[in-house]
Amino acid sequence: MTDRRERLRAAHLYLVCGEQPDQFLEAALRGGVDLVQLRMKDAPDHAILASARVFKRACDEHGALLILNDRPDLAAAADADGVHLGQDDASVAGARATLGDDRLIGLSTHTPEQVDAAASAGVDYIGIGPVNETPTKPGRPAVGLDLVRYATAHARLPFFAIGGISSANAAAVAAAGARRIAVVRALTEAADPEAVARELSEALKLSEEATVGSA
C-alpha cells in the first residue's frame, strides 16, 4: 500500500461525517473523496467502533484514508489511518504516542498563529477554517478567505480549507490558494453525492494543474 503521507499529499477532497448509509459512503468515494473523517462526538465507544469498521471496509475498497475525530485510542483500535484533533482535544504528543509514527495526525487551525505553530507540532496536515459560518461549528466565527491565503503563503504542511464549502463557492476557495478542501453538508445533503464529489474533486485538480502550468 502506498505510504499514508504520500496518499495525503495527493488528496484533494475530504469528507467529514457521522454514521451514514452504505450507499451514501460508496457514492461519495466513487465520486472522488480521498479521505473520510468519522465524526461521532457524542456517541458511545462501541457505536463509533462499529461505524469505523464499516467505513474502513469502504475506504479500503476505494483506496481512501480513514480518519477518526478526536479519539486516538479508538483510531488505533479501529486500525484507522489516523486521527483529527481540535485545538482543545487530546494533545498531539499523546496522540502520537498512541498511534505511532506511521499514522496520520491532523489539527484544526483558526488563526495565523495556529497555522505557524502547527509546523513544529508534529502533525501531518492542518484544517483551515471555518472559511464560512457553518452549523457544524456553532458559535465559531468564520475566518474567511484571508486565512486560506495566509496558509497558501506560509503553511509548511498540507492543508484543507473547511467550513461551509460547496459547489457554489469552491472556485473562490481554490482561487485563494486551497488545493484541498473538506466538506460536510455539501455531500451529506446532496441529492447525488457521487456527482457532487466528482464535481468538487475535478475542480480542485483542474485548479492545481492550472497553477502548475502557469508556474
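Small disclaimer: the values here were computed from a predicted structure and weren't measured.
- With hydrogens and angles disregarded, no donor-acceptor distance shorter than 3.5 Å links the side chain of Asn69 to the backbone of Leu38.
- By the side chain to side chain contact (heavy atoms under 4.5 Å, CB included) test, Ala197 is found to be paired with Leu13, Val33, Leu187, residues two or more places apart in sequence or in another chain being considered.
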As a quick check of understanding, evaluate salt bridge (charged side-chain N to carboxylate O under 4.0 Å, His left out) for Glu194 and Arg198, giving each step before the final call. CA-CA 6 Å; Glu194 181 176 354; Arg198 184 169 290 111; 3.0 Å; yes

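- Between Arg71 and Asp45, at least one side-chain nitrogen of the basic residue sits less than 4.0 Å from a carboxylate oxygen of the acidic one, meeting the salt-bridge criterion.
- Between Asp70 and His84, every side-chain heavy-atom pair lies at or beyond the 4.5 Å cut-off.
- Sorted by first and then second residue, the pairs that involve residues 119-135 and meet salt bridge (charged side-chain N to carboxylate O under 4.0 Å, His left out), not counting sequence neighbours, are Arg5-Asp124, Arg96-Asp124.
- No donor-acceptor pair closer than 3.5 Å links the side chain of Arg53 to the backbone N or O of Ala78.
- In this structure, Leu104 and Leu65 have side chains that are in contact, with non-hydrogen atoms separated by less than 4.5 Å.
- In the displayed structure, Asp88 atom CG is contacted under 6.0 Å by at most 12 heavy atoms of other residues, nucleotides or ligands.
- Evaluation of the salt bridge (charged side-chain N to carboxylate O under 4.0 Å, His left out) test over residues 105-118, restricted to residues two or more places apart or in two chains, returns none.
- Looking only at side-chain heavy atoms (C-beta outward), Val148 and Phe159 come within less than 4.5 Å of each other.
- Arg103 contributes a side-chain N or O that, together with a main-chain N or O of Ala80, makes up a donor-acceptor pair within less than 3.5 Å.
- In this structure, Asn169 contributes its side chain and Gly164 its backbone to a donor-acceptor pair below 3.5 Å.
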